[in-house]
There are 2 protein chains.
Amino acid sequence: MVTPSVVDGRAIDLRAVQRQVDAVLEEFLAGKARDAAGHGHPPEVVQTVRDFLAAGGKRIRALLCVVGWHAAGGHGDATSAVRVAASLELFVAFALIHDDIMDDSASRRGRPAVHRVMRARLGGDERAERLGAGGALLVGNLALMWAHELLHTAQLETERQRLVHRLNDAMLEEVMYGQYLDVMGTGRGADDVEAALRIVRYKTATATVERPLQLGAAVAGADEAVMDAFTRLGLPLGEAFQLRDDLLDVFGSPDSSSAPGLSDLREGKRTVLLALGLQNADPLRRGRLGHLVGRADLEEREAAEVRDILQRSGARQQTERMITSRYEHVLRVLDAAGFPPAADRALRGLAVKATQYTS
Amino acid sequence: MVTPSVVDGRAIDLRAVQRQVDAVLEEFLAGKARDAAGHGHPPEVVQTVRDFLAAGGKRIRALLCVVGWHAAGGHGDATSAVRVAASLELFVAFALIHDDIMDDSASRRGRPAVHRVMRARLGGDERAERLGAGGALLVGNLALMWAHELLHTAQLETERQRLVHRLNDAMLEEVMYGQYLDVMGTGRGADDVEAALRIVRYKTATATVERPLQLGAAVAGADEAVMDAFTRLGLPLGEAFQLRDDLLDVFGSPDSSSAPGLSDLREGKRTVLLALGLQNADPLRRGRLGHLVGRADLEEREAAEVRDILQRSGARQQTERMITSRYEHVLRVLDAAGFPPAADRALRGLAVKATQYTS
């Protein structure tokens, strides 16, 4: 079955791309469900992955992958590019399911986290806690393996296949090191802005923008210049994306499309925002931040105090400025790169979407 | 660098194969250590994987992979076959590290399990327990990703590469489903021999013998007949291997090269041996088995009682007979297959090694 490209020369229909990606995922997982039934495997494993994907996610990595393919000259039959894009979404599912186990997060995409679902299914006692985490770990592993399987069956010509694997393997390794830094460093040096940026860089930035763009470009057989441009814009855009995400989690959005939340604060996530707050605040307020952030039972009243400190210390405004300077850097890279008009327009649109107050 | 084949027409030098596999792993991980240093990543991740591999393991899957390659006509430059074989050992490291997290096993290969090492490094309190498990989970993930990377860089011709991926992806999925059955079913239906055999089949049997042989054969460009023969001998040999392992864990070996242990009994592992014991024993002794097996603080005196029940109920002897019948089946398959003499001899040797009282 051929997946037609949905670019008409001037614009890429990103909604259509998202539908194509979702269709590939749905068809692939329907096949996995049939296989499982045929082998007598429990059906809930595939179902859990399907539910996870259905619960949301902006498919930003998948969209960037297909845009990267167009930017590098890809046109016509988009089957391979969309398949690689779909693989990225399974990789994200894997990374988030494991992340939630490690943080013991209660929810994800507005639903209970996978390990919490498994735990509840097993009864909810201490044994269920360990086994539920084990079940979720395995569901995550399968999502990763299926991400690989989508790549392995993308029907690419040998040299492009090798490049896709090289980029994908590098991305996976970067994300794991980023998560490792995050997990093993929790609670230590939370006022270290550089350390926080480092985690953003490895855990999020390259895997969210740079590598997806490059993977798409690799499918099109991109040259070094395109790959370099994607590196130059991918890192700042990925960082800006994460910084915006951190602000949205704590402060919500002005138009109320996203409400201020408690999750990062309760978890004690080592964000750049928090590091700036700790650095800037006076000793008394720094002490309050240290006391409040990371408390699993943090109340809304206390969260309001934290927000107030982050606001008054200038940490919020400083984070906004970091986003703006990164966004402007991205625009300069795009000006110089001279991508085909449809891809250029899509990249500018995604850059706005990722860095402004729209969720 | 070319890795020469170490077969001389009549015999395969399995020790030499093992050295080649270990050399590939060492070179690959030395490269990963250099990369980590270059990026400022913590060195202990690579070191943990190296230590895990250095601590032992019989490299049985790697050996079977290279033997499968010879059996399917592989000769001359063994570089690709040895690389695929090395990938299997990283996959095993991943599976065991995750397995130990899920079972909260104290030790592996005579050393503390990886998550226990990480936990101790973090202080050993409740928080350290969660984070240590998280760190180990990520080390395991990296081992899996590196297993993939070894495959991706095995320099195979396109069709063989695709077949290798198809077989490897199928193996990974089987093992995950086997682990899932094991984890989510712990404590339920421990007297179900069929359920226990099903876990053996998915979690161990195919990944230990059938798939490694087929992966090697795929590197050599094997035809269907060879693949089928490996399926016919792989399942019974893999099952026999696991049944022997279960007996060794509980009873040790008669020559005392392996001591009777407590780990499977304490963990409450749902082995075929235990299922047979529960089925065969009279109600009183069945009750004792249910009471004792799975107690984390099981003492040697109590383990002796369990062994006595497994012995008297005939479960031990029945397990021995299951091994023997599977071993004989393997010999019949080998008689019919007519593999090249060196490969045939190696397979018979490995079959003895895997099923007899030698550890």
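Here the structure is a predicted model, which means the values were calculated and not measured. Every chain is numbered from 1 and lettered A, B, ... according to where its sequence line falls, protein lines coming before strand lines.
Taken from NZ in A/Lys32 to CD in B/Glu173, the straight-line distance is 3.5 Å, to the nearest 0.5 Å. Expressed to the nearest 0.5 Å, how far OG1 of B/Thr153 lies from NE2 of A/His165 amounts to 10.5 Å.
A/Glu174 is not listed as a side-chain neighbour of B/His39, based on a closest heavy-atom distance of 4.5 Å or more. Using a 4.5 Å heavy-atom cutoff, the side chains of A/Gln161 and B/Gln161 are not in contact.
With a 4.5 angstrom heavy-atom cutoff, A/Val139 touches chain B only via side-chain atoms. Heavy atoms of B/Leu172 lying under 4.5 Å from chain A belong to its backbone as well as its side chain. Only the side chain of B/Glu44 comes within contact range of chain A, judged by heavy atoms closer than 4.5 Å. With a threshold of 4.5 angstrom between heavy atoms, A/Leu151 does not approach chain B through any atom at all. Residue B/Arg166 does not touch chain A at all, counting heavy-atom pairs closer than 4.5 Å. In this structure, chain A has heavy atoms under 4.5 Å from both the backbone and the side chain of B/Asp104.
B/Leu138 approaches A/Val183 most closely through the heavy-atom pair CD1-CG2, 4.2 Å.
By number of non-hydrogen pairs under 4.5 angstrom with chain B, the leading residue of A/Gly40, A/Ala133, A/Ala36 is A/Gly40. Of all the listed residues (A/Gly178, A/Gly140, A/Gly134), the one sharing the greatest number of non-hydrogen pairs under 4.5 Å with chain B is A/Gly134. Ranked by heavy-atom pairs under 4.5 Å with chain B, the list A/Asn168, A/Asp99, A/Asp169, A/Leu144 is led by A/Asp169.
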Chi angles and distances behind the side-chain contact (heavy atoms from CB on, under 4.5 Å) call for B/Gln155, A/Arg162
CA-CA 9 Å; B/Gln155 300 291 333; A/Arg162 284 199 183 138; 3.7 Å; yes

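Ring planes of B/His148 and A/His152: tilted class, angle from 30 to 60°. A parallel orientation is assigned to the rings of A/His41 and B/Tyr177, their planes being inclined by less than 30° (bins at 30° and 60°).
For the side-chain contact (heavy atoms from CB on, under 4.5 Å) with A/Met176, the lone residue among B/Val45, B/Leu137, B/Asn141 that qualifies is B/Asn141.
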